[in-house]
Amino acid sequence: MMGNQLFQSAREAVMNVVKGKHDSAPEHNHKHDYSSKIDSNSMSVAKNALSSAYANSNDAEKAQLRELQEELFNSQQDK
């Protein structure tokens, strides 16, 4: 198998959270409760994916995963 599937999954999960953050612009406020549940679920998925990928990655991938984790953390701070 080419590439690290766990790494790919983690990257996609983080991107979903970060991208979802930008998609939930003010015009979606009436859906706030629903979207915050999705955010929290997506956040859990992303954190778990990062954790799994980290344990099975080489040094270069680990460096990228740390950056993704920081991006995820920063997206939480924007709330």
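Nothing here was measured: the structure is a model prediction, and the numbers come from that model. Atoms considered below: every heavy atom in the structure, side chains included; atoms not considered: hydrogens, waters and symmetry mates.
- Between A13 and A46, the closest heavy-atom pair is CB-CA, 3.6 Å.
- Between R11 atom CZ and E71 atom CD the span is 11.0 Å, to the nearest 0.5 Å.
- We find the OG-CE distance between S42 and M15 to be 13.5 Å, quoted to the nearest 0.5 Å.
- Side chain of S75 to main chain of L72: a donor-acceptor pair is present (N/O by atom type, distance under 3.5 Å, no hydrogens or angles).
- Considering CG of N58 and CD of Q64, their distance stands at 8.5 Å, rounded to 0.5 Å.
- A continuous path of Ile, Leu, Val, Met, Phe, Trp and Tyr side chains, each step under 4.5 Å between heavy atoms, connects L65 with V18, placing both in one hydrophobic cluster.
- Scanning both residues, N56 and N4, for their nearest heavy atoms gives O-ND2, 3.0 Å.
- In this structure a side-chain-to-backbone donor-acceptor pair under 3.5 Å is present from S52 to N48.
- Connection of V45 to L50 is not established within any shared hydrophobic cluster, with ILVMFWY side chains joined at heavy-atom distances below 4.5 Å, either directly or through further cluster members.
- Using a 4.5 Å heavy-atom threshold, the side chains of E61 and Y54 count as separate.
- With a 4.5 Å cut-off on side-chain heavy atoms, S57 and L6 do not count as touching.
- One finds the NZ atom of K62 at 12.5 Å from the CZ atom of F7 (value rounded to the nearest 0.5 Å).
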